[in-house]
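Chain letters run A, B, ... following the sequence lines, proteins first, then strands; residues in each count from 1.
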Amino acid sequence: MSKLGVILSKEFRQIIRNPAIIRLIFIMPVIQLLVLPNAADYEIKNINLQVTDHDHSALSRRLIDNISATGYFKVIGYGSDRNQAMVAIEKDKADLILEIPHNFERDLIREESARLMLAVNAINGVKASLGGAYLNNLLRQFNGDIRTEWLQPDRLQKPFSITTTFTNWFNPGMNYKYFMVPGILVLLLTMVGMNLTAINIVREKEIGTIEQINVSPIKKHHFILGKLIPFWVLGLVVLTIGFLIARLVYGIVPLGAYWTIYVFAAVYLLVILGMGLLVSTFSATQQQAMLVSFFIMMIFILMGGLYTSIDSMPEWAKWITRINPVTYFIEVMRRVVLKGANLGDVTKELSIILGYALLVNGLAILSYRKRS
Amino acid sequence: MNGITINNISKSYPLKKGKQEALKNIELTIPEGELFGLIGPDGAGKTTLFRILTTLLLPDSGTASVNGLDTTKDFMQIRKEVGYMPGRFSLYTDLTVEENLNFFANIFNTSVKENYHLIKEVYKMIEPFKKVRAGKLSGGMKQKLALSCALIHKPKTLFLDEPTTGVDAVSRKEFWELLRSLRAEGITIMVSTPYMDEASLCDRVGLIQQGSMMGVDTPQHLRNAFGKKLLSVKGPDMLQLLRQLQAMDTVEHAYPFGEYHHAVLKDAAFLPELPANIEVKEVEPDIEDCFISLMRTHAG
């Protein structure tokens, strides 16, 4: 048996005997893929709306009916007291206040204009801005509706109105799970890969076995490869489990080929595992390694383009996303799954990740020293 | 030239302020096939010396050679030819006894079968447990497994860093018997221990304290070189007695020694007068006595 074979068989034996690793590999993808896509929903529902109606007219009631019929808003209070509405916001019960002034209907009929007030609780920024925008949209629609209605008798003069209809390319139902699930799969691979490798060499340091390895004639690259290959295989196993869940639970079948994703994932894993190894050669204890890899992962994940759009980041942040391997994989994953991209379409990303893999692993081999 | 040669080796570790000198100008030659004991308390620099000789650490200055190979230049070759058993148990606790042994044999391009004769004596004591994970073994058995693993590639030189620390008296005795039988195979053995009573089992010993080698000789020569009268004293109130002894003009120094106190007399001095209920007898110096006296002369 070759030296590498000896090291590999030892590593695999140790992994199989470690119940924590086995649990992590099989349970983490299942839990994350079942829970996260259902919870991390970009559509804002259940926006709590407090209505202060000073008008009590047919028109104001119709407006409120219109709003609650959309399903996005939950009218949690209806009254004519402004203070009561403010209390609801202060207690965080309401996200929005819609205030309908006195003589809303009368003004609209007589003077052909009326004013409404919209107050937004900006504690939860996403909910507030999206809720405000939804409601604004609804009001505009309502405005258009009543205008056409009232102008109806005058059949000679048709009102101008522009209506927009739209189609969602690549994801016709605009099912956010179609782009969340592939993204979460990337995060999963990143977390499992980096954490496991980061604590692995450190574990040998902590229990002292690295001393025995260091005085042996094992070559550095044999040792590093022996650490890398098992987790590379495990990473691909996790990916497979993830795809199985995506298919069985969410019915997601990539439009492109599976093997395109596997080829990319194979190279991507080298980057992530290499970073884990790099962290572990610089750490003295498992705790240190965990914290450092956690810190790196946190930045990678939050700046990976899954939870926030990269296009709306400031320029300096965009530069960070460009050195973030997670960004590239999420991008490629979505393109393959939703758009059906093939290997030829992602050569740019693939070559960047490949260069990254060589750099990181080269550094890992260089920085692992058998003597001090 | 085979064996171990150490020329003027120094090593210090950086501290927040200044540095900690771990080894100061160590000179030592160990001929091939010798069982050499490095005796010294914790923190004397024993492990640092081992780590330099096993190519894990570079010395600040000086040179060393093992089996005629330079520890800085020919380190790859040295790693093939030496066996090292670190002070801490450092085998894979999640692998079985057999798997550990096979792993260490295989990474040295050999097999357990090929060198079985070398480890037979040690290994047969743990063979009944070969399917047991190494982490579940007792302290003494762990040491035997570690020795087997360090021996399995037939090293020319064996480095054992405190192999008997934390091991019971019976296992310690067995362990030393094993070492003496290995010496018969022609393997050079360098072993460190904080236990002075193990010194007499070595061919030669080096007494090391605070990074300096205070003396290197056979145990017998060291004892002969003591050169002073040594008294063993015992009485009903031992603490009081020690103070009394230390205060006497004729006594150079006195220290507790097991259930007795040892008192070293000044040159040509005679027995001090002591009450009748106190037991006094002249004894032969032990390695520990030699060590303590060398420590005093070195401290100035």
Side-chain angles (χ1 to χ4, degrees), chain A residues 1-25 196 199-227 229-231 234 281 284-286 365 367-372, chain B residues 11 13-14 47-48 50-59 66 71-72 74-96 98-111 133-135 142 145-146 149-150 152-153 155 157-159 161:
Chain A
M1 207 167 16
S2 71
K3 288 238 176 89
L4 187 58
V6 172
I7 301 171
L8 282 178
S9 80
K10 176 217 120 198
E11 293 292 335
F12 273 117
R13 262 199 199 115
Q14 285 185 300
I15 289 170
I16 289 165
R17 286 181 193 170
N18 189 337
I21 293 186
I22 297 301
R23 259 179 246 143
L24 190 74
I25 288 167
L196 290 184
I199 59 176
N200 196 280
I201 291 188
V202 182
R203 206 174 103 89
E204 297 231 6
K205 278 189 203 168
E206 269 188 354
I207 58 177
T209 45
I210 200 135
E211 293 270 273
Q212 291 283 16
I213 296 290
N214 288 351
V215 290
S216 76
I218 289 183
K219 296 264 188 329
K220 272 203 282 188
H221 63 269
H222 280 150
F223 183 70
I224 296 272
L225 278 179
K227 292 285 173 198
I229 293 170
F231 292 110
L234 286 183
T281 51
T285 63
Q286 292 192 50
I365 291 180
S367 60
Y368 164 56
R369 298 212 174 279
K370 285 180 81 171
R371 52 158 66 190
S372 49
Chain B
K11 176 76 189 174
Y13 296 111
T47 300
T48 304
F50 274 111
R51 289 173 61 86
I52 289 173
L53 293 175
T54 52
T55 76
L56 291 174
L57 205 63
L58 292 170
V66 176
T71 53
T72 6
D74 309 319
F75 63 94
M76 278 317 278
Q77 191 54 35
I78 291 183
R79 283 175 188 171
K80 288 182 190 158
E81 292 183 5
V82 304
Y84 176 41
M85 184 175 151
R88 241 172 92 199
F89 179 69
S90 53
L91 298 176
Y92 293 99
T93 50
D94 44 2
L95 296 184
T96 66
E98 206 179 18
E99 284 165 350
N100 265 301
L101 196 59
N102 276 323
F103 176 71
F104 284 103
N106 289 336
I107 58 174
F108 282 97
N109 282 333
T110 178
S111 66
R133 293 200 187 165
K142 277 182 181 163
L145 176 59
C149 289
I152 194 62
H153 60 287
T157 304
L158 195 57
F159 293 97
D161 192 3

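Chain B forms the most heavy-atom pairs under 4.5 Å with one residue out of A:H222, A:K10, A:E204, and that residue is A:K10.
Neither the backbone nor the side chain of B:S111 has a heavy atom closer than 4.5 Å to any heavy atom of chain A. The part of B:F89 that comes within reach of chain A is its backbone (N, CA, C, O), which places non-hydrogen atoms under 4.5 angstrom from that chain.
Of all the heavy atoms in B:T54 and A:V215, the pair that sits closest is O-CG1, 3.6 Å. Of all heavy-atom pairs spanning B:R79 and A:S216, the tightest one is CD-O, 3.7 Å. A pairwise comparison of heavy atoms in A:R203 and B:D94 identifies NH2-OD2, 3.0 Å as the closest pair. Counting all heavy atoms, side chain and backbone alike, B:Y84 lies closest to A:Q212 at O-OE1, 3.2 Å. The heavy-atom pair separating B:M76 from A:P217 by the smallest distance is CE-O, 3.9 Å. Of all heavy-atom pairs between B:S90 and A:G208, the closest is CB-O, 3.1 Å.
Here A:N214 contributes atom CG and B:L56 contributes atom CG; the two are 5.5 Å apart, rounded to the nearest 0.5 Å.
In terms of the salt bridge (Lys or Arg N to Asp or Glu O under 4.0 Å) criterion, B:D161 has no residue partners (sequence neighbours excluded). Here A:P230 pairs with A:L8, A:E11, A:F12, A:I15 under the side-chain contact (heavy atoms from CB on, under 4.5 Å) rule; sequence neighbours left out.
The side-chain heavy atoms of B:F103 and A:I213, taken from C-beta on, include a pair separated by under 4.5 Å. At a threshold of 4.5 Å between non-hydrogen side-chain atoms, the residues B:L95 and A:R17 count as touching.
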